[in-house]
Each structure stands twice: as C-alpha cells, then as structure tokens.
Amino acid sequence: MAHGEEITTDGARAGGPGFGRGFLTDIWYFACMSRDLRSGTLKRCEILGEPVMLGRSPDGTVTALRDVCPHRAAPLSAGRFVRETDDTVAVECPYHGWRFAADGRCVAIPSLTEGQEFDVSRIRVRQFPVAESQGLVFIWMAQDGRSEAAPGEPPPRFPGVVGGAPKIVLSTEFAAHVDHAIVGLMDPAHGPFVHQQWWWRSRASMHAKAKRFAPAEAGFTMLRHPPSANSRAYALLGGRSETEITFRLPGLRWEHVTIGRWQVLSLTCLTPASDRVTRITQIMWSDHPIFTVGLPFIRAGAKRFLKQDGDMVNLQNQGLKYDPALIWIDDADRQARWYTALKREWTASRREGRAFVNPIEATTLRWIS
C-alpha cells in the first residue's frame with residue numbers, strides 16, 4: 001500500500017473526480033435551528049450558491065423557496081406572509097406584491113386589471129423540500145431544481161439529543177470550500193498544534209494512538225472508546241467516560257459521549273454557502289450537571305476552538321491560492337481519503353440511479369497526536 005497520495009486543489013485526481021469543487025446533491029443539508037424561524041417570519045440564506053428564503057408560516061409550517069422573485073428579482077425573504085381568501089398562506093414579494101404559495105406557484109399579481117387574461121399559475125419559483133428533526137431544519141438540495149419528486153429518505157437523526165434545548169449553539173463562516181472545511185474537521189493530527197491549551201493537548205503530550213473504525217450510514221464511525229489521556233477536558237466530566245465519533249455526508253460530524261447515565265452530544269454541521277464560503281454550526285446537548293454550573297466556561301472553550309480552526313483556514317488559504325498539490329498520508333489522513341471515496345460513490349449512485357454502496361471497510365487506524 002502506498003503511504004502517500006497527491007491531491008491537486010484544482011479538483012483533479014488520477015482515477016477519480018475532484019476535490020475542492022462542486023457540491024453533493026440529492027441530499028439533506030442543515031439549514032438552521034428550528035428556533036431561528038419564528039412564526040410569521042422570513043429569513044434569507046445561501047446554500048450551494050443558491051439564494052434560499054426560509055420561513056415559518058403563522059400556522060407553523062416551514063417553507064423554503066428560491067429567494068428571487070421572477071418579476072424583478074427582489075428577494076422574497078424581504079416580503080411577508082399573507083392569507084388568501086381560501087385561507088391558505090402565501091408569501092408576498094415586497095416590490096410589486098406578487099404572491100407565491102408554499103409549492104412555489106404564483107397565486108396573485110395585484111397589478112392585473114379585470115379583463116387582462118393571464119394564467120398566473122404558470123409562473124413558479126423553485127421550491128425546496130424542507131423538514132424539521134430534533135430541533136434542526138434540513139433542506140433537500142436536488143440535482144434537478146425542476147423535479148417535484150419527494151426526497152427518498154428522511155433527514156438524519158442523532159443519538160444523545162437530551163436535556164431539552166441545546167446548551168450551546170455557535171455559528172461562524174470559514175473562507176473555504178466545504179471539502180477543505182470537512183477534511184480539516186476530521187483531521188486527527190492537528191490538535192496539539194492548533195488547539196494548544198491547558199485543558200486539551202500540547203506537543204509534549206503527543207503519543208501513539210490506535211482507533212477502530214467501521215462504516216456507518218453514508219459515512220463512518222470511530223467506534224466507542226475511552227477518550228485519549230491527553231484530552232484533559234473529558235476528565236472534567238468525572239466518572240468513566242466513553243466516546244464515539246461519526247461522520248456522515250454531506251458534512252455532519254458528531255461526538256456522542258456517555259458518562260454513566262449522563263450524555264453529551266456535540267454536533268458540527270458544515271453547510272456550503274458557496275464554493276468559497278462554508279457555514280459552520282456547533283451544537284451541544286447534555287443532561288450532565290456540569291452544563292448547569294460550567295456552561296459559560298464550556299461555551300468559551302467551544303468558541304476558542306472554532307476561532308482557532310478559522311484562523312488556521314485563513315493561513316491555509318495563503319498557500320491554496322497558489323494551487324499546490326496536497327500530499328495525504330496513511331493513517332492520519334485516511335479519513336480525508338474516505339471522504340473523497342464517499343463523495344465519489346454518492347455522485348455515481350445518483351447518476352446511475354442505484355442505491356448507495358458504502359466504500360468504507362472496518363479497520364484500525366494509527367497516528368500520533
């Protein structure tokens with residue numbers, strides 16, 4: 001087996017599709033927290049380079065439409081919900097009052113006068129399937145924006161969503177393509193260099209590690225194990241803690257920690273806004289008492305982690321602008337190689353109209369960190 005692999009940042013690699021360009025489609029992406037969508041309000045976001053209007057109607061239903069009115073291109077998210085005479089709810093454009101139903105059909109053009117025959121229902125804006133699960137809002141990004149087919153699977157669900165509402169929700173943006181953001185997220189070797197603090201790791205504490213991995217739904221899992229001895233933050237939880245870390249396409253990574261009857265779930269959602277911006281959302285749930293007394297310190301630590309990773313992305317971009325070839329090695333970079341294999345298989349399965357076949361095989365990986 002080769003111990004190194006050269007990856008070019010322009011998206012080309014011998015024997016496979018690209019890295020650092022394009023997005024996965026026909027899959028659920030995290031959009032926002034349910035609590036971010038208050039009743040009767042609209043908000044704008046960008047996902048995969050598409051402008052998206054998200055809104056919760058007065059009756060509680062979440063709607064997602066392309067955030068461009070087909071009349072004069074005003075954002076629908078700047079408009080409002082209105083109730084039609086048949087008691088259905090529509091979104092009204094702020095510019096000329098054109099109204100659109102939840103399925104994207106135009107239902108009214110106020111400027112039309114009596115006798116001006118025009119079938120307004122022929123006008124449509126793209127509607128995105130949207131679903132709520134465990135307090136999260138997911139949006140289905142189909143390859144064919146004209147398709148009205150329902151998603152073939154429900155949005156993902158996560159273990160360890162306990163203790164009521166999330167204890168911590170943090171969000172930031174990385175100036176990076178989602179591929180680079182994901183590879184950085186799953187990299188096991190950067191911790192002692194990027195995240196040096198007394199309660200985590202240092203270069204002096206680095207030692208050899210061996211972790212067992214297995215395939216999981218649309219991804220892979222580092223199987224449950226006691227945390228590494230130099231990950232000091234786990235000691236604050238007390239007792240005998242065990243952790244399991246899972247990655248799932250398109251960009252979901254969660255760590256589920258158990259400490260006796262208590263649980264901690266740390267979920268990271270990576271959502272590509274565009275080909276150069278990735279939105280990172282960090283969410284934590286727990287029923288452990290430390291999240292009552294120590295929440296300000298835990299939040300500060302999580303914010304520091306995100307900032308350190310963001311600062312490193314900015315440094316990395318200084319090199320990436322020269323379009324260098326990147327060398328990935330075993331075993332520290334195996335998860336990055338798995339990610340590219342998962343992407344390749346997902347794309348092929350959608351193109352060929354067949355079921356996804358996970359290319360990951362169970363193994364043990366070894367590295368020093």
Side-chain angles (χ1 to χ4, degrees), residues 134 156-163 166-170 182-192 194-202 205-248 251-270 280-292 294-295 297-299 301-306 308-309 331-332 334-336 338-339 360 362-369:
Q134 298 178 294
R157 291 185 63 83
F158 309 100
V161 177
V162 296
K167 298 297 188 289
I168 294 174
V169 179
L170 301 172
I182 287 174
V183 165
L185 177 72
M186 62 179 57
D187 169 24
H190 75 281
V194 177
H195 300 300
Q196 294 187 53
Q197 41 255 321
W198 69 265
W199 48 268
W200 192 238
R201 297 174 185 169
S202 68
S205 70
M206 292 174 62
H207 62 274
K209 298 174 181 177
K211 307 295 183 185
R212 294 182 301 121
F213 287 79
E217 186 174 4
F220 53 87
T221 295
M222 181 190 296
L223 299 178
R224 193 163 293 281
H225 60 279
S228 300
N230 61 343
S231 301
R232 301 186 185 98
Y234 293 95
L236 301 176
L237 299 174
R240 184 177 182 275
S241 60
E242 290 192 331
T243 182
E244 184 170 81
I245 303 173
T246 300
F247 172 80
R248 173 175 171 161
L252 301 168
R253 187 250 194 203
W254 63 94
E255 180 172 4
H256 182 211
V257 184
T258 56
I259 318 95
R261 62 184 178 87
W262 293 318
Q263 301 180 68
V264 179
L265 174 64
S266 178
L267 170 65
T268 306
C269 304
L270 294 93
I280 314 293
T281 306
Q282 183 73 41
I283 312 160
M284 295 185 74
W285 293 265
S286 184
D287 55 3
H288 194 289
I290 196 172
F291 279 82
T292 300
L295 185 58
F297 303 101
I298 297 171
R299 181 183 289 111
K303 289 179 69 173
R304 182 170 176 79
F305 256 57
L306 276 178
Q308 289 169 334
D309 282 329
D331 280 352
R334 184 80 67 87
Q335 294 177 68
W338 283 346
Y339 167 63
I360 310 304
T363 190
T364 296
L365 301 183
R366 296 173 172 82
W367 64 84
I368 295 175
S369 68

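Just so we're clear, the structure is a prediction, and the values are computed from it rather than from any experiment.
Residues satisfying the ring pair (Phe, Tyr, Trp, His ring centres under 6.0 Å) test with His225, not counting sequence neighbours, are none. Remark: Phe213 pairs with Trp338 by the ring pair (Phe, Tyr, Trp, His ring centres under 6.0 Å) rule, at least two apart or across chains. Residues passing the side chain to side chain contact (heavy atoms under 4.5 Å, CB included) test with Leu265 are Phe158, Val161, Trp254, His256, Trp285, sequence neighbours excluded. Take Glu242 and apply the side-chain hydrogen bond (donor to acceptor under 3.5 Å, both in side chains) test, not counting sequence neighbours, and it matches Arg240. Scanning for side chain to side chain contact (heavy atoms under 4.5 Å, CB included) contacts around Pro215 gives Asn358, Ile360, Ala362, with sequence neighbours left out. Ser266 meets the side-chain hydrogen bond (donor to acceptor under 3.5 Å, both in side chains) test with Gln282; sequence neighbours excluded.
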Asp331 vs Arg366, test: side-chain contact (heavy atoms from CB on, under 4.5 Å). Steps then yes/no. CA-CA 6 Å; Asp331 280 352; Arg366 296 173 172 82; 4.2 Å; yes
In sequence, state the C-alpha distance, the side-chain angles, and the governing distance for Phe220 and Arg248, and then conclude on side-chain contact (heavy atoms from CB on, under 4.5 Å). CA-CA 7 Å; Phe220 53 87; Arg248 173 175 171 161; over 6 Å; no
Apply side-chain contact (heavy atoms from CB on, under 4.5 Å) to the pair Leu295 and Ile168, showing each step before the final yes or no. CA-CA 8 Å; Leu295 185 58; Ile168 294 174; 3.7 Å; yes
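In this structure, His288 contributes its side chain and Val264 its backbone to no donor-acceptor pair below 3.5 Å. Looking only at distances, a side-chain donor or acceptor of Ser286 sits under 3.5 Å from a matching main-chain atom of Gln263.
One distance of note links CG of Leu252 with CG of Leu185; it measures 10.0 Å at 0.5 Å rounding. Taken to the nearest 0.5 Å, the CZ atom of Arg261 stands 7.5 Å off from the CG atom of Asp287. In this structure, the separation between NE2 on His195 and CD on Gln308 is 5.5 Å, given to the nearest 0.5 Å. Atom OG1 of Thr243 sits about 9.0 Å away from atom CD1 of Ile259, to the nearest 0.5 Å. Taking CG of Leu170 as the reference point, atom OG1 of Thr268 lies at 10.0 Å (rounded to 0.5 Å). With values rounded to the nearest 0.5 angstrom, Leu270 atom CG is found 9.0 Å from Met186 atom CE.
You'll find the side chain of Glu244 stays beyond 4.5 Å of the side chain of Glu255, heavy atoms only. Looking only at side-chain heavy atoms (C-beta outward), Pro227 and Ser241 come within less than 4.5 Å of each other. You'll find the side chain of Cys269 reaches within 4.5 Å of the side chain of Ile283, heavy atoms only. Residues Trp367 and Arg334 fail the side-chain proximity criterion, which asks for heavy atoms closer than 4.5 Å. Considering only heavy atoms from C-beta on, Phe247 stays 4.5 Å or farther from Thr221 through its side chain.
When Thr246, Leu267, Ile245 are each tested for a side-chain contact (heavy atoms from CB on, under 4.5 Å) with Arg253, only one passes: Ile245.
The two atoms that bring Ala332 and Ala189 nearest to each other are CB-CB, 4.4 Å, heavy atoms only. Residues Ala210 and Thr364 share a closest heavy-atom pair of CB-CG2, 4.1 Å. Shown here for Leu223 and Ala214, the closest heavy-atom pair between the two residues is CD2-CB, 4.0 Å. When all heavy atoms of Asp187 and His190 are compared, the pair lying nearest together is O-ND1, 3.0 Å.
A side-chain donor-acceptor contact under 3.5 Å links Lys209 and Ser369.
Counted within 6.0 Å of CZ on Arg224, heavy atoms from surrounding residues, nucleotides or ligands total more than 12; the atom is thus considered enclosed.
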